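In what follows, a structure is listed as structure tokens, so that the remarks can point back to it.
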Amino acid sequence: MSKTAVTVAYGDGIGPEIMRATLDVLEASGAELALETIEIGKSVYLRGNSSGIEPESWESLRRTKVFLKAPITTPQGGGYKSLNVTVRKAFGLYANIRPCISYVPFVESKQPGIDVVIVRENEEDLYGGIEHRQSVDSFQCLKIMTRPGTERIVRYAFEYARSFQRKKVTCFTKDNIMKLTDGMFHKVFEEIGADYPDIEKEHWIVDIGSAKLADTPQAFDVVVLPNLYGDILSDVVAQIAGSVGLAGSANIGAHYAMFEAIHGSAPRRAGQNVANPSGLLLAAVQMLVHIGQPEAAERVHNGWLRTIEEGIHTYDIFRDGKSRRKVGTKEFGQAVIANLGKIPETLKPVRYALDRPNPRSDFPYHRPEETKVLLGVDIFVEFAKSVEELASALRVAAERGALALETIANRGMSVWPFGSGETLLAGPFQCRFFARNRSAELPRRAIVDLLGSVEAGGIEFTKTELLYTFNGVEGFSRSQGA
Ligand code: NAD
């Protein structure tokens with residue numbers, strides 16, 4: 001078998017120790033790897049590179065397309081960008097896959113029998129990091145979700161389930177509140193789910209779904225979620241399964257992939273040969289499957305399960321009475337090496353079938369044909385006087401134009417013409433204008449003219465959002481109480 005090129009980074013804190021132990025096991029397993037080592041993290045940041053990675057390291061990653069990464073330390077203080085987010089976005093690693101499994105009775109867990117795979121969307125949602133301070137009072141973060149981004153994560157979740165013989169995919173959203181963003185995610189889940197009749201599907205509102213997931217994780221199999229919910233819930237499930245130190249993750253894109261432990265660089269444990277290398281080792285198992293070396297993946301994973309079963313444990317999972325031998329990072333790796341070729345006796349052995357294709361990750365996008373019609377505009381304005389005075393000033397500004405003032409809202413709550421005196425007025429007012437003549441097309445120019453009149457009227461606008469219908473369906477939310 002020819003060797004597969006893989007870029008490796010030893011990272012910071014406990015990173016170098018757990019990477020060394022992991023690579024020892026990979027080498028002994030017969031995995032055919034040609035490793036290229038790059039330097040990332042703290043030392044690169046402190047050299048003045050705010051992204052934590054040098055240009056020549058990008059070249060290695062572009063060449064190998066596979067990255068096995070130890071955790072890094074992001075220095076405190078301003079200006080340093082998250083390396084993980086940079087790599088994920090630069091390589092389009094849209095899917096974050098985290099298998100969370102409990103190993104009862106060998107590792108303590110609040111919940112025996114967990115075997116859940118979290119498939120988290122990795123690029124969109126609130127993680128665009130598009131934030132603005134709009135006024136003295138008001139701060140905003142944009143939640144952007146796209147149809148192509150959603151289609152590919154949902155399809156990947158179903159492909160993953162099918163490929164790994166899983167029976168059910170559950171989707172979590174908050175579409176009772178966020179009808180457009182989360183509503184689209186849910187709708188796409190239903191649409192794409194229809195292509196997978198062999199797989200059970202269910203949808204939960206994220207709040208009660210999370211409660212159910214923490215209470216009865218055994219009822220879940222594959223769970224697909226938008227970015228923020230996935231970020232939170234993948235840690236919750238990994239922790240109740242046993243320890244965040246045991247979980248690995250894959251970041252998958254159409255052409256690139258990155259594999260890492262879910263924990264950080266634990267600087268307080270660094271250099272003491274005590275850290276648990278299991279999270280990174282299990283991430284490396286996911287990598288071996290990904291690059292088409294399932295036999296090595298199976299050998300490493302089963303050898304690891306056997307080691308856990310034998311009670312050979314690092315300090316974080318060691319329990320008197322349950323564990324047999326407390327070992328350091330290096331010794332744990334050596335114990336796994338001694339168990340390569342063995343299978344666990346009590347825990348379920350894994351099987352990464354040779355004839356099973358990896359889940360697809362490259363999906364064409366077919367943009368739906370939809371007619372977009374401009375109806376009006378929301379102009380957000382700062383205004384220090386009463387709502388009535390604002391309404392009069394805006395009506396004067398709009399007097400001779402094609403748009404008429406319809407409503408004013410504050411933080412999503414209607415305050416004019418209907419409102420409650422109790423509503424807190426803070427930050428910009430959202431002033432909604434619709435075309436006076438709904439039977440003719442509204443020219444975009446009318447919006448520019450209105451904005452000019454608002455400015456001329458001495459009203460301070462902070463931003464605008466255009467109001468469209470798509471195939472006759474409103475592409476904007478209505479304020480509460482309107
Ligand atoms: P952490 O996950 O590094 O450590 C929290 C605690 O968990 C540690 O003190 C330790 O007790 C325990 N722990 C974590 N991993 C362990 C292991 N393998 N074996 C045994 N015990 C382990 O979280 P933190 O302390 O909040 O973050 C430290 C640094 O890591 C920060 O600079 C943070 O930015 C960075 N970080 C990096 C990544 C990454 O590179 N993917 C992820 C998260 C945090």
Side-chain angles (χ1 to χ4, degrees), residues 7-23 25 38-46 50-53 57 61 67-89 91 93 96-98 100 103 107-108 120 122 127 230-232 234-236 238-251 257-284 286-287 304 307-308 312-319 323 326-333 335-336:
T7 302
V8 166
Y10 282 74
D12 301 314
I14 59 170
E17 297 159 69
I18 60 173
M19 181 58 88
R20 236 169 273 127
T22 298
L23 294 180
V25 176
I38 60 168
E39 188 193 357
I40 56 166
K42 198 172 176 185
S43 53
V44 183
Y45 282 120
L46 295 179
S50 68
S51 63
I53 177 166
S57 301
L61 291 169
F67 189 15
L68 181 62
K69 175 184 159 293
I72 60 154
T73 303
T74 311
Q76 295 291 316
Y80 301 113
K81 297 202 183 70
S82 161
L83 176 83
N84 266 7
V85 175
T86 306
V87 173
R88 280 175 197 165
K89 288 194 174 173
F91 291 130
L93 307 179
N96 190 313
I97 316 301
R98 259 188 205 189
C100 301
Y103 304 98
V107 179
E108 249 175 32
R120 163 191 168 194
N122 223 5
Y127 288 64
D231 192 1
I232 297 166
S234 54
D235 269 21
V236 170
Q239 187 62 33
I240 55 177
S243 161
V244 286
L246 290 180
S249 78
N251 295 269
M258 174 170 81
F259 302 86
E260 59 181 347
I262 71 169
H263 58 75
S265 60
R268 281 191 306 126
R269 311 280 177 192
Q272 299 156 41
N273 189 39
V274 293
N276 189 346
S278 297
L280 187 59
L281 188 64
L282 292 180
Q286 286 179 278
M287 180 188 81
W304 178 83
T307 309
I308 293 294
I312 303 173
H313 293 167
T314 43
Y315 84 94
D316 55 317
I317 56 169
F318 184 91
R319 296 289 177 276
S323 308
K326 192 189 274 183
V327 291
T329 314
K330 187 171 169 44
E331 294 69 30
F332 182 83
V336 175

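Keep in mind the model is a prediction, meaning the values are calculated, not measured. Counting starts at 1 for both ligands and their atoms, in listed order.
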Checklist entry - Can you list the residues that meet the side-chain hydrogen bond (donor to acceptor under 3.5 Å, both in side chains) rule with Arg319, with sequence neighbours excluded? => result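 Partners of Arg319 by the side-chain hydrogen bond (donor to acceptor under 3.5 Å, both in side chains) criterion, ordered by chain and then number, come out as Glu108.
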Next on the checklist: If you count heavy atoms of other groups shown closer than 6.0 angstrom to NZ of Lys89, is the number above 12?
Outcome noted: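 Counting neighbours around NZ of Lys89, more than 12 heavy atoms of other residues, nucleotides or ligands fall under 6.0 Å, so yes.
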What short N/O contacts, under 3.5 Å, does ligand 1 make with the protein, listed by atom pair and distance?
| residue | atom | partner | partner atom | Å |
| --- | --- | --- | --- | --- |
| ligand 1 | 2 (O) | Gly264 | N | 2.7 |
| ligand 1 | 3 (O) | Gly264 | N | 3.4 |
| ligand 1 | 3 (O) | Gly264 | O | 3.4 |
| ligand 1 | 3 (O) | Ser265 | N | 3.1 |
| ligand 1 | 3 (O) | Ala266 | N | 2.7 |
| ligand 1 | 11 (O) | Arg269 | NE | 3.4 |
| ligand 1 | 15 (N) | His263 | ND1 | 3.3 |
| ligand 1 | 18 (N) | His263 | NE2 | 3.1 |
| ligand 1 | 18 (N) | Asn276 | O | 2.9 |
| ligand 1 | 19 (N) | Asn276 | N | 2.9 |
| ligand 1 | 21 (N) | Tyr315 | OH | 2.9 |
| ligand 1 | 30 (O) | Ser265 | N | 3.0 |
| ligand 1 | 30 (O) | Ser265 | OG | 3.2 |
| ligand 1 | 32 (O) | Thr74 | N | 3.4 |
| ligand 1 | 40 (O) | Lys69 | NZ | 3.2 |
| ligand 1 | 40 (O) | Ile72 | N | 3.0 |
| ligand 1 | 41 (N) | Asn84 | ND2 | 3.1 |
| ligand 1 | 41 (N) | Glu260 | OE1 | 3.3 |

Checklist entry - Do any N or O atoms from the side chain of Glu17 and from the backbone of Thr329 form a donor-acceptor pair under 3.5 angstrom? => result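 Answer holds: no.
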Next on the checklist: When you measure from the centre of the six-membered ring of Tyr127, is the NZ or CZ of Arg120 closer than 6.0 Å and no more than 45° off the axis?
Outcome noted: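 Yes, Arg120 lies over the aromatic ring of Tyr127.
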Next on the checklist: If the threshold is 4.0 Å, N to carboxylate O, is there a salt bridge linking Asp235 and Arg98?
Outcome noted: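 Result for this pair is yes, salt bridge flagged.
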Next on the checklist: So Val274 and Thr314, do their side chains get closer than 4.5 Å, heavy atoms only?
Outcome noted: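 Side-chain contact under 4.5 Å: no.
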